Each structure stands twice: as structure tokens, then as C-alpha cells.
Amino acid sequence: MLRVEAAQDPVAQISPRHHQIPVDHGPSKHLNAWWWSASADQAEPSSEPLQRPTILLLHGCGGMLNRDNQPDQRMSSYAALLNAKGWHVLALDSFSSRGIRQICTRDKGVASKVGQTLRRSDVAAAFNWLHHQASVDASRLALVGWSNGGGTVLEYVHRMPSTAGRSIHPGLRAAAAFYPGCASRESRGFEAAVPLLLLL
């Protein structure tokens, strides 16, 4: 008789570590972020000796926290999937430390409190932080975003003039954007500085 073992829930096995990423832009001095280590012991990113590739995740306009102010199911599930493949994961929260829950709903004509320029700077700050973590292979980084976060991916990887482009993409190998808003970027022209997967 064939015995089938119940699959264990990988999400339940992973508890991310909360970190504060220092920033020098916007209305706050830090951004909240959550770290999922690919190591079994969930080591601190600054202490683990083995360097691994790392993926930075960007939430959409609804934010990334659930009702308990913890990373939501999407972030946790993707972190578990990527950890299983040997990647560290850092999920960056551009909203909570700025007192914002979501930006999906706002009055017509009212600008978002956290726009793409600010979020693009958030990504640069997060990559700078990753470059200083002992467990991160800074030559193998990737970027993934959803919706508004996908738009931030497009803004970040848009090809810059050669000198600026090299300095702003250190170690970034590839990026993926799930259903980003493309209209404004398309109207201004777009060229990705790294391999980019669009999931639309």
C-alpha cells in the first residue's frame, strides 16, 4: 500500500527577522524590512559566513503587512520558495515607517505620499544595506516587485547614462515585475539596464 506523507507548510517554518534600513531621503530615517535567510538557522545577515545570492522584494500599493503588522502571505510564500532555492530574501516596506498603510485609494488628482522617485531611492538604500551584509553575495542580486512595486522595478532598472548606470546597479543581475503600470514609462521611453521579466 502506498503511503502518502502530508506536505509540510514551508511558510509556517520560516520566521523572518525585522530590520531597519537607514535612509537619507523622505520623511523617515529608516525603512522597515524583513529578512528571510536561506540558512537553516535563520542567521543574521551580517554574521553568516557563507555568501548567497539575494532577492529584494517590493510590495504593491496595498502595502506588505497583514492585520498583525507582519509580512503578508504573498511575501512569506515567495520567501519560502526562494529560500528553498538557496536565495536569501529581503522584503522592503516603503510605507509603514512613514505612517502609511496603503496608497491604492486616494482622491482624484491627489499625488501619492510615496511616489516612484521615493521608492526608487528606497531600493538603492536597500541594495546599499545588502552590500554590507557578510552573508550576501553582492555580485548576485535580483529585484522583484508587484503592481506599484513592479513600477518601481521599471524605474530602478531603466537604463541610466553609462557612469550613473554602473553605480546604481552594482551586482544587480536580473529583475522581474508583476503587472506594473507601464503607461508613463512607455511614453518617456524605456530601456532596461539588466535582464527584465515582465509578467502581465
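These numbers were taken from a predicted model, which means no experiment stands behind them. Reckoned from all heavy atoms, side chains included, excluding hydrogens, waters and symmetry mates.
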Common cluster, F95/Y156, ILVMFWY with side-chain heavy-atom separation under 4.5 Å
no
Mind checking salt bridge (charged side-chain N to carboxylate O under 4.0 Å, His left out) for R101 and listing every partner two or more places apart, or none if nothing turns up?
none
Do the two ring centres, one from H88 and one from W35, sit under 6.0 Å apart?
yes
Atom of A38, atom of R52 and distance for their closest heavy-atom approach:
CB-CD, 3.6 Å
Identify the heavy atoms of P180 and L198 that sit nearest to each other, and give their distance.
CG-CD2, 4.1 Å
Counting only N and O atoms by type, is there a donor-acceptor contact under 3.5 Å from the side chain of Q133 to the main-chain atoms of S135?
no
V89 vs T54 side-chain heavy atoms within contact, under 4.5 Å:
no
Are L118 and F127 grouped together when hydrophobic residues (ILVMFWY) are joined by side-chain heavy atoms under 4.5 angstrom apart?
no
Does some side-chain heavy atom of L196 sit less than 4.5 Å from a side-chain heavy atom of E191?
no
Using the side-chain contact (heavy atoms from CB on, under 4.5 Å) rule, take V144 and F178 through it: C-alpha gap first, then chi angles, then the decisive distance, then the call.
CA-CA 8 Å; V144 176; F178 288 81; 3.8 Å; yes
Per the side-chain hydrogen bond (donor to acceptor under 3.5 Å, both in side chains) rule, what does the pair list look like for residues 137-151, sequence neighbours excluded?
R119-N148, D137-S139, D137-R140
Please enumerate all residues that pass disulfide (SG to SG under 2.5 Å) together with C182, with sequence neighbours excluded.
none
Keeping Q73 on the side-chain end and S76 on the backbone end, is there a donor-acceptor pair under 3.5 Å?
no
Closest heavy-atom pair, L130 versus V136, reported as atoms and distance to 0.1 Å, is O-CB, 3.5 Å
Where do L82 and L57 land on the side-chain contact (heavy atoms from CB on, under 4.5 Å) test, with the steps shown first?
CA-CA 11 Å; L82 295 166; L57 303 182; 4.3 Å; yes
Would you say H18's side chain and W34's backbone share a donor-acceptor pair under 3.5 angstrom?
no
Give the minimum heavy-atom separation between V114 and I103, together with the two atoms involved.
O-CD1, 3.7 Å
So do the side chains of V123 and E155 get within less than 4.5 Å of each other, counting heavy atoms only?
no
Relative to the ring of W129, is the ring of H19 parallel (under 30°), tilted (30 to 60°) or perpendicular (over 60°)?
tilted
Check A177 against L154 and note the closest heavy-atom contact, atom names and distance.
CB-CD2, 4.4 Å
Stepwise side-chain contact (heavy atoms from CB on, under 4.5 Å) check, L56 with L141:
CA-CA 8 Å; L56 179 61; L141 302 174; over 6 Å; no
Testing the basics here: between D72 and G63, what is the closest heavy-atom pair and its distance to 0.1 Å?
OD2-O, 4.1 Å
Check the hydrophobic clustering (I, L, V, M, F, W, Y; side-chain heavy atoms under 4.5 Å; chains of links allowed) and say if I100 and M75 are grouped together.
no
Going by atom types only, do N32 and S97 share a side-chain donor-acceptor pair under 3.5 Å?
no
Do you reckon V23 sits in the same ILVMFWY cluster as L143, going by side-chain contacts under 4.5 Å, direct or chained?
yes
Can you check whether H30's main-chain N or O pairs, donor with acceptor, with Q20's side chain at less than 3.5 Å?
no
Between D122 and H25, does the side-chain contact (heavy atoms from CB on, under 4.5 Å) criterion hold? Intermediate values first, please.
CA-CA 8 Å; D122 293 349; H25 59 272; 2.6 Å; yes
